[in-house]
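Below is one structure, written out as structure tokens; the observations come after it.
Owing to the predicted nature of the structure, the values given are computational and were not obtained by experimental measurement. What you see below is based on every heavy atom in this structure, not just the backbone, and it leaves out hydrogens, waters and symmetry mates. In listed order, ligands and their atoms are each counted from 1.
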Amino acid sequence: MTRTLFATDALLPGGWAKNVLLSWNDAGQLTQVQSSAQPVAGAQVANGPVIPGMPNLHSHAFQRAFAGLTEHRAEQQDSFWSWRTLMYRFAARLGPQHMEAIATWLYAEMLEAGYTSVCEFQYVHHDADGRPYADDATLSLALLRAAQKVGIGFTLLPVLYQTSGFGGQPPNEGQRRFIRSTDSMLRLLDTLKPACDAAGARLGLAPHSLRAVPPDALREAIAGLEALDRSAPIHIHIAEQTKEVDDCVAWSGQRPVAWLLDHAPVDARWCLVHATHMDAAEYARGAKSGAVAGLCPTTEANLGDGIFDFPAWRHHGGAWGVGSDSHATVNAAEELLMLEYSQRLGKRQRNVGASAAQPHVATALTLEAVRGGAQASGRAIGGLAAGQQADFVVLDAAQLALQGLAAPDMLSSHVFASHRTSAIDAVWVSGRPRVVAGRHALHQEAAAAFVAARSQLLLEN
Ligand SMILES: [Zn+2]
């Protein structure tokens with residue numbers, strides 16, 4: 001089995017390096033990353049610049065099946081909330097076999113699009129009537145199997161969901177498949193832990209949002225998680241919508257991020273997903289807490305959420321990463337493009353994402369998003385350095401958009417000028433090639449199973 005790769009150019013945590021030899025062990029962990037190396041006999045040679053694999057820090061896999069189906073006007077003024085009504089209707093019919101087929105295709109797509117791991121924010125737990133499956137972990141295990149089948153790194157985040165609004169409002173009919181007591185969630189975590197450990201996956205917890213989890217339940221669930229794993233990741237949807245912010249203020253007198261920082265042990269384990277609407281004090285305090293801001297630029301644009309103030313977060317040293325969330329777009333490079341373009345439009349400036357250390361926007365954004373995404377995933381996937389998993393993407397130097405360019409410009413062209421045709425040649429996860437010549441080995445069969453599952457869900461509409 002190949003355990004070395006030679007690259008003329010590679011993006012290391014400190015920046016671009018020449019003639020890099022990557023070596024890893026049987027466990028797929030990088031043992032040495034050597035710059036200015038000579039190609040060694042037997043080492044595979046990369047067909048273009050090597051960049052670190054992107055962790056996808058936020059996914060609701062089943063939503064992939066209705067991507068593109070909500071792009072028509074259904075109400076006088078469509079919003080996140082009218083989209084959510086459609087999503088609930090779709091979720092109501094989903095079975096374990098649909099879930100596995102959709103996720104298998106989605107995860108293969110992710111690999112082909114430059115993601116090497118995914119955090120699954122898994123909130124559909126029960127059967128269509130809202131009753132627990134005979135095996136209560138059925139839907140979570142379907143996702144874990146899908147990840148293993150295609151070979152993507154995995155962080156499973158079962159979602160705690162109890163109320164339909166701030167102040168303990170009872171859940172509505174559309175939410176019956178999501179609801180769990182805190183005790184039942186802790187039992188689920190106990191069941192899932194050995195399965196995740198055996199699969200090399202990380203298990204964490206996702207309190208859905210402050211509107212769905214009352215304060216006592218939040219406290220008890222986190223204490224239970226800590227008893228199982230003191231450093232497990234904790235993800236929460238926090239301030240996606242202005243209505244959510246207004247409702248939180250009406251309930252508590254505080255905005256969601258401020259409330260969370262005052263009432264929960266927020267630190268580097270936490271990922272604040274859609275921390276879109278924060279005031280200046282929340283940007284400063286949130287960034288300094290060590291939590292990762294979970295940005296989902298294409299979904300946030302698709303849903304009309306609003307624009308995250310990226311320079312404010314970075315000014316305070318905030319960590320961040322990207323997720324494809326609703327999967328209207330599944331493409332690591334496009335999330336970076338959308339993030340940068342939202343900032344340009346809002347601030348009427350260019351190259352907002354460049355940094356003092358990295359003038360090339362695509363280079364700066366890639367390195368930061370990999371670092372933050374790894375932290376949010378709770379896995380050693382933070383880039384091309386010894387001790388990290390050998391998760392990397394080989395760009396296709398033969399692509400027209402990239403031909404004849406220097407490596408930093410190749411990455412810029414991949415992000416900004418590849419015209420949505422993938423400029424990816426190969427994707428490796430834990431030292432194993434999962435995408436070769438742009439294709440995952442299961443591409444065809446997974447696509448067919450996905451289309452069949454989607455057709456079935458639509459027929460039952
Ligand atoms: Zn989400």
Side-chain angles (χ1 to χ4, degrees), residues 55-67 70 79-88 90-91 94 99 102-103 106-107 110 115 117-125 139-140 143 154-165 171 174-175 177-180 204-213 218 233-245 248 256-257 260 270-278 291-308 320-330 332 335 338-339 369 372-373 376-377:
N56 187 337
L57 59 62
H58 193 62
S59 164
H60 309 287
F62 77 90
Q63 294 183 9
R64 175 64 183 86
F66 70 97
T70 59
S79 66
F80 169 86
W81 307 102
S82 56
W83 170 85
R84 193 180 71 159
T85 303
L86 293 170
M87 182 268 284
Y88 281 2
F90 204 86
L94 191 78
M99 184 71 113
I102 295 164
L106 171 68
Y107 297 160
M110 283 185 191
Y115 293 115
S117 67
V118 59
C119 298
E120 188 61 44
F121 199 103
Q122 179 357 45
Y123 60 87
V124 186
H125 298 300
L139 291 173
S140 291
L143 292 163
F154 202 57
T155 298
L156 179 60
L157 304 162
V159 173
L160 186 63
Y161 203 117
Q162 297 184 339
T163 57
S164 69
Q175 295 161 342
R177 303 190 68 180
F178 317 156
I179 303 302
R180 271 184 185 281
L205 173 71
H208 179 275
S209 57
L210 295 180
R211 62 188 145 84
V213 183
L218 181 64
I234 304 169
H235 290 215
I236 186 169
H237 291 137
I238 193 64
E240 181 169 11
Q241 291 287 319
T242 50
K243 178 183 183 307
E244 185 177 14
V245 175
C248 189
V257 173
L260 187 74
W270 286 68
C271 180
L272 309 181
V273 182
H274 311 302
T276 310
H277 299 287
M278 295 191 282
V292 176
L295 310 180
C296 307
T298 62
T299 293
E300 288 158 9
N302 185 280
L303 294 177
D305 287 349
I307 303 175
F308 180 76
W320 63 277
V322 293
S324 59
D325 190 1
S326 69
H327 314 302
T329 297
V330 180
E335 295 300 337
M338 181 60 75
L339 171 62
S377 305

2.8 Å cut-off met by an N, O or S atom of His237 to the Zn ion (ligand 1): yes
How are the rings of Tyr123 and Tyr161 set relative to one another: parallel (under 30°), tilted (30 to 60°) or perpendicular (over 60°)? tilted
Can you name the N, O or S atom of His60 that is closest to the Zn ion (ligand 1)? NE2
Search all heavy atoms of Ser209 against all heavy atoms of Ile236 and return the closest pair with its distance. CA-CG1, 3.8 Å
Could you tell me if Glu120 and Ser59 have a donor-acceptor pair between their side chains, going purely by distance under 3.5 Å? yes
Backbone or side chain, does Cys296 get an N/O/S atom under 2.8 Å to the Zn ion (ligand 1)? no
Run the ring-centre check on His208 versus Phe178 and record whether the distance is less than 6.0 Å. no
